[in-house]
Amino acid sequence: MPSPAGRRPNGRAAALAQYSRRAAHYDSELAVFEPLRAEAVDLLALREGQRVLDVGCGTGLSFGPLERALGERGAVVGIEQSPEMLVLARERVARNGWHNVTLIDAPAEEAQVQGRMDAALFHFTHDVLREPRAVDNVLRHLRPGARVVAVGLQWAQPWAWPANCFVALAALYSISSFEGLARPWDLLARHLRQFQLHTTLLGGIYLASGVFEPDRTRD
Ligand SMILES: C[S@@+](CC[C@H](N)C(=O)[O-])C[C@H]1O[C@@H](n2cnc3c(N)ncnc32)[C@H](O)[C@@H]1O
């Protein structure tokens, strides 16, 4: 269960336990969000042959849409810390015969990626986005001008209480802390230009996008 505010000291252990429990039924739980995933991949505006980081890739549900956008000459690098989620991602890659997908078994704070990537996707990865060391490490692996897209839960306006009930329940189930749910994307946004924010579900889900600019830091 996540703490209502502030990161837990054992946030990583909590996240690992959460996804160990969820892995087997994760894909069916996420089916309802597939249109959002397609929108997120569209926002990346990928071109054939580009290389994309899928941060907190889970079971690899984004790999198919990313593969279709990048083609065989492109590459997907998935970073994932949950062993149970990674097993399913590996099975998906093998089943589809994708030779251009690399999986990195590490927390986003520590993952090391060869070369600079053209884009990064953070799809429902609140825990990663709220850890400054993880955001910094991912951005270190992007080329200047890389497109970055993040999608996830956020608190809606107080009047949108049904959306906030959904956000609270989904957060209890899927993230290790409620910290930052008002502006989950703010650590990332400091490093992006052309930052754009759209919301859906009465404001309870955001889609954020922008272009990575090294050395940019704005509040
Ligand atoms: C809600 S799932 C999203 C999975 C995938 N992006 C998707 O859209 O289906 C969140 C994933 O982030 C992973 N995760 C959480 N914290 C992480 C971290 N610090 N480093 C790497 N992966 C992390 C979890 O293990 C889980 O697989």
Side-chain angles (χ1 to χ4, degrees), residues 2 7-44 52-67 76-93 101-113 119-141 148-154 166-167 169-181 184-185 187-188 204-208:
R7 282 190 69 78
R8 282 174 143 200
N10 64 344
R12 178 157 192 261
L16 285 170
Q18 233 161 14
Y19 285 94
S20 169
R21 284 192 301 271
R22 286 187 72 186
H25 32 94
Y26 180 81
D27 287 7
S28 48
E29 290 170 3
L30 263 276
V32 68
F33 295 113
E34 287 313 296
L36 210 54
R37 188 185 305 281
E39 212 176 316
V41 173
D42 279 353
L43 274 175
L44 283 172
V52 64
L53 267 182
D54 185 358
V55 185
C57 66
T59 63
L61 283 172
S62 297
F63 295 168
L66 291 173
E67 281 284 324
V76 178
V77 176
I79 300 173
E80 176 53 55
Q81 70 172 7
S82 158
E84 293 83 359
M85 297 292 268
L86 259 181
V87 165
L88 297 172
R90 282 203 190 93
E91 284 174 11
R92 187 186 305 278
V93 172
V101 178
T102 306
L103 293 174
I104 300 185
D105 177 358
E109 296 86 317
E110 294 166 14
Q112 292 300 317
V113 182
L121 176 63
F122 296 81
H123 194 264
F124 284 102
T125 56
H126 184 81
D127 286 340
V128 179
L129 285 171
R130 299 316 302 167
E131 174 51 63
R133 288 182 308 127
V135 172
D136 288 349
N137 186 43
V138 169
L139 295 178
R140 234 191 317 277
H141 291 94
V148 178
V149 171
V151 174
L153 301 168
Q154 68 170 19
F166 165 79
V167 171
L169 290 174
L172 281 168
Y173 189 55
S174 61
I175 65 183
S176 69
S177 161
F178 279 33
E179 188 277 328
L181 265 181
W185 31 263
L187 298 177
L188 191 61
I205 290 184
Y206 69 89
L207 282 98

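Counting from 1, the numbers follow the sequence of the chain as shown. Whatever order the structure lists them in is the order used to number ligands and atoms, beginning at 1.
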Taking all non-hydrogen atoms of both residues, which atom of L88 and which atom of A23 are closest, and how far apart?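 Taking L88 first and A23 second, the nearest heavy atoms are CD1-O, 3.3 Å.
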Taking every non-hydrogen atom, the tightest pair across L129 and L187: O-CD1, 3.3 Å
Just need the protein heavy atom nearest to [atom], so name the residue and atom and give the distance.
atom	value
atom 10 (C) of ligand 1	F124 O, 3.3 Å
atom 8 (O) of ligand 1	H123 ND1, 2.7 Å
atom 19 (N) of ligand 1	E109 OE1, 3.1 Å
atom 9 (O) of ligand 1	Y26 OH, 2.8 Å

For E67, enumerate each residue passing the side-chain contact (heavy atoms from CB on, under 4.5 Å) test, keeping only those at least two apart in sequence or located in another chain. V76, W98, N100, V101
Tell me every residue that passes side chain to side chain donor-acceptor pair (under 3.5 Å) with Y19, counting only those two or more places apart in sequence or in another chain. R22
Best match, [options]: closest heavy atom to [atom]:
atom	options	answer
atom 15 (C) of ligand 1	R12, E34, Q81, R22	Q81
atom 25 (O) of ligand 1	E80, R37, R133	E80
atom 12 (O) of ligand 1	A40, G56, A14, P83	G56

For E131, is the nearest heavy atom under 4.0 Å from an atom of ligand 1?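 Under 4.0 Å: no for E131.
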Aromatic rings F33 and F124: how do their planes relate, parallel, tilted or perpendicular, breaks at 30° and 60°? tilted
Might you work through the side chain to side chain contact (heavy atoms under 4.5 Å, CB included) test for R130 and V135, ending with a clear yes or no? CA-CA 8 Å; R130 299 316 302 167; V135 172; over 6 Å; no
Enumerated ligand 1 atoms positioned under 4.0 Å from heavy atoms of [X]:
X	value
G58	4 (C), 27 (O)
S82	25 (O)
Y19	1 (C), 2 (S), 10 (C), 24 (C), 25 (O), 26 (C)
M85	27 (O)

Given 3.5 Å as the limit, does a donor-acceptor pair link the side chain of D127 with the main chain of R12, or not? no
Contact partition for C57 relative to ligand 1, non-hydrogen atoms under 4.0 Å: backbone
Indicate yes or no: does an N/O atom of A108 lie under 3.5 Å from an N/O atom of ligand 1? yes
Mind running side chain to side chain contact (heavy atoms under 4.5 Å, CB included) on T59 and R92 for me, showing each step along the way? CA-CA 8 Å; T59 63; R92 187 186 305 278; 3.3 Å; yes
Knowing that exactly one of M85, R21, E84 qualifies, which makes a side-chain contact (heavy atoms from CB on, under 4.5 Å) with Y26?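 Among the candidates, only M85 passes.
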